[in-house]
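Side-chain atoms are counted along with the backbone in the values below, which use heavy atoms only and exclude waters and symmetry mates. Along the sequence shown, residues carry numbers from 1.
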Amino acid sequence: MKRVERSTKETTIRVGVAVGNGASRIDVEDEFFRHMLDTFGRYAGLELDVHARGDLKHHIVEDVAITLGLALKDLTPARAARYGWAAIPMDDAWVDAALDLGGRAWYGGKLPSRLYQHFLRSLAFAMDATLHVQVVRGFDRHHIVEAAIKATGMALRQAIAEGDQLFSTKGAVHIRRDEP
């Protein structure tokens with residue numbers, strides 16, 4: 001399990017992530033956020049272990065996304081499929097997500113919740129991933145946000161799957177970072 005800890009004056013976040021069966025241990029104070037993290041792990045085929053405390057809901061959601069993104073970046077195999085795409089219909093909502101783990105951070109999309117739009121943007125940037133989320137239709141905010149989380153999770157499941165090819169015309173990108 002890849003583990004990353006991040007602490008600031010505002011938050012203390014611990015994240016563990018491993019490819020697995022989608023079972024998660026989520027310890028956050030907001031029940032909807034807990035539900036979204038559990039859903040993300042299940043649809044991504046990941047085991048998540050998340051503990052988060054902080055001063056404001058916005059800071060906790062943002063810092064969990066950053067910490068989770070860093071752990072996912074470390075978890076991604078060199079010969080990952082790299083690309084993933086999913087469409088999720090959920091009652092009135094229909095959301096598409098397209099993901100590229102090629103090392104270029106970008107987020108495009110608009111959700112009816114600025115907090116969860118910020119979550120997905122922070123996750124994509126921390127992973128150095130390109131993520132596009134498109135709400136095709138929907139009117140219930142809960143359904144749209146949950147469909148976006150599910151679609152992103154399913155796209156990630158495809159993108160991190162290890163294969164026998166390196167999907168880049170550049171070949172492997174090698175980056176060396178010294179441990180703190």
Side-chain angles (χ1 to χ4, degrees), residues 1-7 11-54 60-90 95-103 105 107 116 119-133 142-143 145-168 172-173 175 177 179:
M1 181 167 281
K2 297 290 182 179
R3 296 193 180 277
V4 177
E5 294 185 19
R6 183 176 194 273
S7 59
T11 63
T12 301
I13 312 296
R14 290 191 313 268
V15 168
V17 62
V19 174
N21 61 7
S24 295
R25 289 187 311 269
I26 310 294
D27 180 17
V28 297
E29 294 174 338
D30 182 81
E31 282 303 308
F32 185 72
F33 188 40
R34 183 202 55 73
H35 175 49
M36 291 302 97
L37 289 170
D38 186 51
T39 298
F40 178 77
R42 184 172 311 276
Y43 279 75
L46 299 171
E47 294 177 18
L48 299 180
D49 184 7
V50 178
H51 174 84
R53 292 293 182 268
I60 293 169
V61 169
E62 177 182 38
D63 289 0
V64 166
I66 291 167
T67 310
L68 177 58
L70 292 171
L72 288 168
K73 182 177 177 178
D74 290 346
L75 180 76
T76 302
R79 294 192 181 279
R82 182 175 165 180
Y83 298 102
W85 177 83
I88 295 291
M90 185 175 164
V95 180
D96 296 336
L99 182 68
D100 173 12
L101 300 178
Y107 174 80
Y116 285 92
F119 172 81
L120 291 175
R121 181 185 308 110
S122 298
L123 180 71
F125 274 76
M127 289 174 56
D128 280 338
T130 297
L131 174 61
H132 291 275
V133 174
H142 177 123
H143 294 163
V145 168
E146 188 166 345
I149 296 294
K150 287 177 176 179
T152 301
M154 286 188 75
L156 180 64
R157 179 190 290 244
Q158 294 169 22
I160 64 173
E162 192 160 10
D164 57 357
Q165 295 182 41
L166 187 63
F167 281 98
S168 175
V173 176
I175 298 172
R177 292 191 288 189
E179 293 291 326

From CG (Leu75) to CG (Leu70), nearest 0.5 Å: 12.5 Å
Residues in salt bridge (charged side-chain N to carboxylate O under 4.0 Å, His left out) contact with Arg3, at least two apart in sequence or another chain: Asp49
Separation between CG of Asp96 and OG1 of Thr152, rounded to the nearest 0.5 Å: 10.5 Å
For Ala65 and Ala126, which heavy atoms make the closest approach, and how far apart are they? O-CB, 4.3 Å
Partners passing ring pair (Phe, Tyr, Trp, His ring centres under 6.0 Å) against Phe125 (at least two apart in sequence or in another chain): none
Under the rule for ring pair (Phe, Tyr, Trp, His ring centres under 6.0 Å), what residues qualify as partners of His51, not counting sequence neighbours? none
Return the set of residues passing salt bridge (charged side-chain N to carboxylate O under 4.0 Å, His left out) with Glu146 (not counting sequence neighbours), or none when no residue passes. Lys150
Might you point out which heavy atoms bring Ala155 and Ala86 nearest each other, and give the distance in Å? N-CB, 4.0 Å
With sequence neighbours excluded, tell me which residues meet salt bridge (charged side-chain N to carboxylate O under 4.0 Å, His left out) with Glu5. none
State, with a plain yes or no, whether a side-chain heavy atom of Tyr107 is found less than 4.5 Å away from one of Val133. yes
The side chain to side chain contact (heavy atoms under 4.5 Å, CB included) partners of Ser24 (sequence neighbours excluded) come to Ile26, Asp38, Leu48
Excluding sequence neighbours, so at least two apart, what forms ring pair (Phe, Tyr, Trp, His ring centres under 6.0 Å) with Tyr116? Phe32
Arg157 side chain vs Arg42 backbone, donor-acceptor pair below 3.5 Å: yes
Atom of Val17, atom of Ala71 and distance for their closest heavy-atom approach: CG1-CB, 3.4 Å
What are the two closest non-hydrogen atoms of Gly54 and Ile60, and how far apart are they? N-CD1, 3.5 Å
Who passes ring pair (Phe, Tyr, Trp, His ring centres under 6.0 Å) against Phe119, sequence neighbours left out? Phe33
All salt bridge (charged side-chain N to carboxylate O under 4.0 Å, His left out) counterparts of Arg14, not counting sequence neighbours: none
So Ile13 and Ile66, side-chain contact (heavy atoms from CB on, under 4.5 Å) or not? Walk me through it. CA-CA 10 Å; Ile13 312 296; Ile66 291 167; over 6 Å; no
Partner set under side chain to side chain contact (heavy atoms under 4.5 Å, CB included) for Ala18, not counting sequence neighbours: Met1
Go through it in stages, so that I can follow the logic: the residues are Arg82 and Thr76, the test is side-chain contact (heavy atoms from CB on, under 4.5 Å), and I'd like the CA-CA distance, side-chain angles, deciding distance and then a yes or no. CA-CA 9 Å; Arg82 182 175 165 180; Thr76 302; over 6 Å; no
Here the pair of heavy atoms bringing Met36 nearest to Ile149 is O-CG2, 3.4 Å
Non-neighbouring partners of Gln158 that pass side chain to side chain contact (heavy atoms under 4.5 Å, CB included), sequence neighbours left out: none
Identify, with sequence neighbours excluded, every residue that meets side chain to side chain contact (heavy atoms under 4.5 Å, CB included) alongside Ala129. Leu99, Leu101, Met127
Begin with the C-alpha distance, continue with both residues' side-chain angles, and end with the deciding distance and a verdict on side-chain contact (heavy atoms from CB on, under 4.5 Å) for Leu156 and Leu46. CA-CA 10 Å; Leu156 180 64; Leu46 299 171; 4.0 Å; yes
For the side chain to side chain donor-acceptor pair (under 3.5 Å) test, which of Thr11, Thr67, Asp63 pairs with Arg6? Asp63
